[in-house]
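Order of appearance sets the numbers: ligands from 1, and atoms from 1 within every ligand.
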Amino acid sequence: MTTTVLTKEDIDWGNLGFDYKPTTYRFVATYKDGAWSEGELITSQTVQVHEGSTSLHYGQQCFEGMKAQTAKDGRVLLFRPELNAERMRQSCERLSMAEVPEELFLRGVKEAVRANYSFIPPYGSGAALYIRPMLLGTGENLGLRPAPEYEFRVFVSPVGPYYKGTGLSLIKLAVTDYDRAAPSGTGAVKVGGNYAGGFIATKIAKELGANEALYLDAATRTYLEEAGSANIVISLSGNRLITPLSPAILPSITRRSVMQIAKDELGMETEERPIHFVNEFSEFEEMGACGTAAVISPVQAILHKNEWMYMKNSREGVGPVMQKLYNALTQIQKGERTDPFGWTVEVEL
Ligand SMILES: *Cc1c(COP(=O)(O)O)cnc(C)c1O
């Protein structure tokens, strides 16, 4: 273990984008002959794997995304990391990969954060330390079968907002002709194979003037699913917040938290159910795209079949519901108020 050096890098924290910025250490553990190694911190940014690795040929790979933030009192906080460990376990199960034990997952995350202390953005900078745990199928292989070996790696990078703009800025989404995930496919797990197919949809969405693609259900193209890397929540009149129910959506930890805040703190009536995009759109007051990277980005409009459709309460600016949810969530994440749900986990320095 390294001893933490409590100094900060000379970085313009306020102007970071969502890009890879090299840090000093990453945590790596390997699975071989049916057992995990203890794991260690290394400095190499390069992964070396066999040319036959299943992660390279067959997409036997999964990952997670989380953030560490500095609280006002200097503590470094993770947000519900045990849920990321559990979701990676589900991804492993779906792709027949060796499971990363929760203890190893959490230790890897904490060690990677602690070892790169100097890269954790200071409180108030608007930036965070993005954490990317990943699991790769490795080892000699050729046929269609699960890998004999695995590498679990956690690297980190200081990041600014995912969508450019300061504070809460409105985004736009566009429905394209591409699907993200089939109903009984792999949409509900965070596996690499789900994403390359979406690059073209994102590219088209951007060319059409949106920030990101929005997906409808692949079977009928009528029900709302999610954006490229964020789940959707929608406020309706009568203090209600709804979110799509579908087996192809990646279950966002941010969304789960936002729904609970809405119910327990804002007294909203919350519901997860199929949402018919065209038939129900006129009722949408505000929409938010939620995820670790997006936090909760208010959606102003959606391009669907060449028509821009605007949310009722977002024409002029960020609506009150998304603003309240954003404030409540980020205040907990940054330790700016007591954490009534016990969601934050401190990384001991
Ligand atoms: C990671 C991800 C999300 C957001 O999940 P969080 O746990 O909130 O970070 C949403 N949708 C997709 C497709 C994702 O990959």
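- A distance-only check finds no donor-acceptor pair linking the side chain of Arg221 to the backbone of Ala218 [under 3.5 Å].
- A cation-pi contact, defined as under 6.0 Å to the ring centre and within 45° of the axis, is absent between Lys32 and Tyr150.
- For ligand 1, the 4.0 Å heavy-atom shell contains residues Arg87, Arg180, Lys190, Tyr195, Glu226, Gly228, Ser229, Ala230, Asn231, Leu250, Ser252, Ile253, Thr254, Gly291, Thr292.
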Sequence neighbours excluded and cut-off under 3.5 Å, please list the side-chain donor-acceptor pairs for residues 287-297, or say none.
unit_1, atom_1, unit_2, atom_2, d
Thr292, OG1, Gly65, O, 3.4
Ser297, OG, Ala294, O, 2.9

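- A salt bridge (charged side-chain N to carboxylate O under 4.0 Å, His left out) with Glu64 holds for exactly one of Arg132, Arg80, Arg153, Arg87; it is Arg87.
- Counting only residues at least two apart or on different chains, no ring pair (Phe, Tyr, Trp, His ring centres under 6.0 Å) pair has a member in residues 83-104.
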Mind listing the side-chain donor-acceptor pairs of residues 313-321 below 3.5 Å, one per line with the distance, residues two or more places apart or on another chain?
none

